[in-house]
Engineer: 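Dumping the structure here so I can ask a few things about it.
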Amino acid sequence: MVNTKINLSGIFIDNPIIPASGTFGYGHEFSNIYDINCLGTFSFKGTTKEERFGNPTPRIAECAEGIINSVGLQNPGVEKVISEELPKLKKCFFKPVIANVSGFSLEEYVYTCQRLSDQEQIGWFEVNISCPNIHGGGMSFGTFPESAFKVTKEVKKVTAKPIYMKLSPNVTDIVSIAKACEDAGADGISMINTSMGMRIDLKTKKPVIANKIGGFSGKAIKPIALQMVYKVYEAVKIPILGIGGISNAEDVLEMMLAGASAVQIGAQNLIDPYVCKNIVEDLPSAMQKYGINSLEDIIGEAH
Amino acid sequence: MKQKIYKVTENTKIAKNTFKMVISGDTSEITKPGQFINIKINNLFLRRPISVCDYDEKNITIIYKVVGKGTGEMSNLKSGDSLDILTGLGNGYDTSKSGANPLLIGGGGGIPPLYNLCKTLISCGKDLQVVLGFNTKEEVFYEKEFKSLGAKVCICTADGSYGEKGFTADIIKNLNYTYFYTCGPMSMFKAIENVAKTSGQYSFEERMGCGFGACMGCSCKTKYGNKRICKEGPVLEREEIIW
């Protein structure tokens, strides 16, 4: 019997398979097609203080082995998440969930985390300082070590739950930003958010996406994510949630070898809704194939 | 929603750039006219959402226009090929609101979902009219099929090469009906909106990520709140649409 259990900041998850925020809603679309309790946990849709529609459409474009989105954090706002989404989730998911939180100002990040903090279903926070699709917020907090430090420090003050800071790859030095988060008291790092990307329609000769530029994700970005996780692992002691292009059990092992304690799966959920369930089922045999008894043993083994 | 494997049993060209494909497999998730399926295409990342033209216990018929890589790939499929499909997507048309004399208005590639809708309404004893618009004669399809369901069918072409000359909105100006259902390009929708005399339902198209409500890629604002075209749509009621 192989061991897939992982200790994520004091909470054990049955396996390291975590659907990524923005590709899994608040769980319902998927709980209708399979029992989502097979997952380690999942990261719910990026939530802000107020309700948001997001960016104009079209906000999806296809690429080779990937997708560009510019959804722009559409969500019902934190009050509705508490009054409607979490009670619905309680009926179909019995494990702690990751609350993904975003904001346009320091005050908003703090407010939303504080508001969600006493919700018993929430095990961890994932603070998104890396959304490429919103102006005047989001990614701008995650592009400088100083502002990343500040957001981390302030949200840590309002909740005792573990805080994972979600980082952008669209920076010159992701290591310095990860270290700033660790120095400010972050419990973990979530990486990477989407890489900025673009498509142009040859017929209209205009960008496909209404916002012109969006966030690129999918299988194509796996090597980018891997090298960033690898570098950050060498620089910080806190756990890393590895995200980027994972679509099967072998990708999970590869990301963990680079230094991830667990992984998130994003774009692949959209085209293959059963992918996370399938990976959970495939993981033990993939581990056996590569002579792995306990997943925790391989975290960062490539170093 | 279900993810199922289907076998292609027919894939034939029926008009200019227009193909009819019949696939066999589990159709149990399709419950209403106007729903769609999302097809995995070799070597392309995103699935391709295509409306259901007709279905029975074992087969789904789709009609699609070749407009890009995905539909181009689809047109090369042969009888016996397998397809990975998410089925039973979208809300579909609400047939309970039709009244005794509904009007169906289709434009080009938007016509297919109206076929099963027509069939369903006729089986409920409705006396209906169908107006189908095309650019030109070579693009005309399914005139005979709609007629054989027992509908009164009017065809129009923009260039006048077949049927009445003009657009669907020109034709429906002079008709009387109790309710309307439509699917087609946005330019046609706007023209219909200007002349329609009753309530009705529009089926919309949008670029989709997942097709089942997870990614929020295809959202739109309505008077009844934000909706996902793939989940709370593609069919919206006239009264809720913000143009």
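Numbers restart at 1 for each chain; the letters A, B, ... are given by sequence-line order, proteins then strands.
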Engineer: Nearest 0.5 Å, please: how far is CE in B/Met1 from CD in A/Glu29?
Structural biologist: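 The CE atom of B/Met1 is 9.0 Å from CD of A/Glu29, to the nearest 0.5 Å.
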Engineer: Hey, could you give me the SG/CZ distance between B/Cys218 and A/Arg59, rounded to the nearest 0.5 Å?
Structural biologist: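 Answer rounded to 0.5 Å: 8.0 Å.
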Engineer: Identify the two heavy atoms, one from A/Pro273 and one from B/Leu86, that lie closest to each other, and give their separation to 0.1 Å.
Structural biologist: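 Looks like CG-CD2, 3.7 Å.
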Engineer: More than 12 heavy atoms of other residues, nucleotides or ligands under 6.0 Å from NZ of B/Lys2: is that the case?
Structural biologist: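 Check passes, neighbour count above 12.
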Engineer: Using non-hydrogen atoms only, which part of A/Phe30 is less than 4.5 Å away from chain B: side chain, backbone, both, or neither?
Structural biologist: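 Contact with chain B involves the side chain of A/Phe30 alone.
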Engineer: Report the distance from atom CD1 of A/Ile67 to atom CE of B/Met208, rounding to the nearest 0.5 Å.
Structural biologist: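 Result: 12.5 Å between the selected atoms.
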Engineer: Using salt bridge (Lys or Arg N to Asp or Glu O under 4.0 Å) as the criterion, list what pairs up with B/Glu232, not counting sequence neighbours.
Structural biologist: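 So B/Glu232 forms a salt bridge (Lys or Arg N to Asp or Glu O under 4.0 Å) with B/Arg228.
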Engineer: For B/Ala214 and A/Thr23, which heavy atoms make the closest approach, and how far apart are they?
Structural biologist: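 It is CB-O, 3.7 Å.
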Engineer: Counting only N and O atoms by type, is there a donor-acceptor contact under 3.5 Å from the side chain of B/Arg47 to the main-chain atoms of A/Ile271?
Structural biologist: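 Between the backbone of A/Ile271 and the side chain of B/Arg47 there is a qualifying donor-acceptor contact (under 3.5 Å).
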Engineer: For B/Lys69, which atoms come within 4.5 Å of any heavy atom of chain A: side chain, backbone, both, or neither?
Structural biologist: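 Looking at B/Lys69, nothing touches chain A.
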Engineer: Under a 4.5 Å heavy-atom cutoff, which of A/Ala267, A/Ala220, A/Gly66 has the most pairs with chain B?
Structural biologist: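 It is A/Gly66.
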Engineer: Measure the CG-CZ distance between A/Asn69 and B/Arg207 for me, rounded to the nearest 0.5 Å.
Structural biologist: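 Separation between the atoms: 13.5 Å.
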Engineer: Which atoms of A/Ile33 are under 4.5 Å from chain B, going by heavy atoms: the side chain, the backbone, both sets, or neither?
Structural biologist: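 The side chain, not the backbone.
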Engineer: More than 12 heavy atoms of other residues, nucleotides or ligands under 6.0 Å from NZ of B/Lys32: yes or no?
Structural biologist: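 Yes, because the 6.0 Å sphere around NZ of B/Lys32 holds more than 12 heavy atoms from other groups.
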Engineer: Tell me, yes or no, whether the heavy-atom count around B/Ile242 atom CD1, taken from other residues, nucleotides or ligands under 6.0 Å, exceeds 12.
Structural biologist: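 Yes, enclosed.
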Engineer: Answer yes or no: does atom CZ of B/Phe204 have more than 12 heavy-atom neighbours from other residues, nucleotides or ligands under 6.0 Å?
Structural biologist: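 Correct, the count exceeds 12.
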Engineer: Test salt bridge (charged side-chain N to carboxylate O under 4.0 Å, His left out) on B/Arg48 and A/Glu62 and set out the steps.
Structural biologist: CA-CA 11 Å; B/Arg48 293 300 188 268; A/Glu62 179 169 52; 2.6 Å; yes
Engineer: Looking only at heavy atoms, which two atoms of A/Gly218 and B/Phe45 are closest? And how far apart?
Structural biologist: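 Answer, listing the atom of A/Gly218 first, then B/Phe45: CA-CZ, 4.1 Å.
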Engineer: Counting only heavy atoms from other residues, nucleotides and ligands, does the tally under 6.0 Å from CG of B/Asn76 exceed 12?
Structural biologist: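 Result for CG/B/Asn76: enclosed.
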Engineer: Considering all heavy atoms of both residues, which atom of B/Phe212 and which atom of A/Asn269 are nearest to each other, and what is their separation?
Structural biologist: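 Looking at all heavy atoms of both residues, the shortest contact is CZ-O, 3.5 Å.
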Engineer: Output the distance between atom CG (B/Asn226) and atom CZ (A/Arg52), rounded to the nearest 0.5 Å.
Structural biologist: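 With rounding to 0.5 Å, CG (B/Asn226) is 11.0 Å from CZ (A/Arg52).
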Engineer: Does any backbone or side-chain atom of A/Phe53 lie under 4.5 Å from a heavy atom of chain B? Answer side chain, backbone, both or neither.
Structural biologist: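 For A/Phe53, the contact with chain B is made by backbone and side chain together.
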Engineer: Do B/Gln3 and A/Asp272 touch side chain to side chain, with heavy atoms closer than 4.5 Å?
Structural biologist: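 B/Gln3 vs A/Asp272: side chains touch.
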Engineer: Which one wins on heavy-atom pair count under 4.5 Å against chain B: A/Thr57, A/Ile60, A/Val208?
Structural biologist: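 Going by pairs under 4.5 Å, I would pick A/Ile60.
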Engineer: So for B/Leu44, is it side chain, backbone, both, or neither that comes closer than 4.5 Å to the heavy atoms of chain A?
Structural biologist: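 Contact with chain A involves both backbone and side-chain atoms of B/Leu44.
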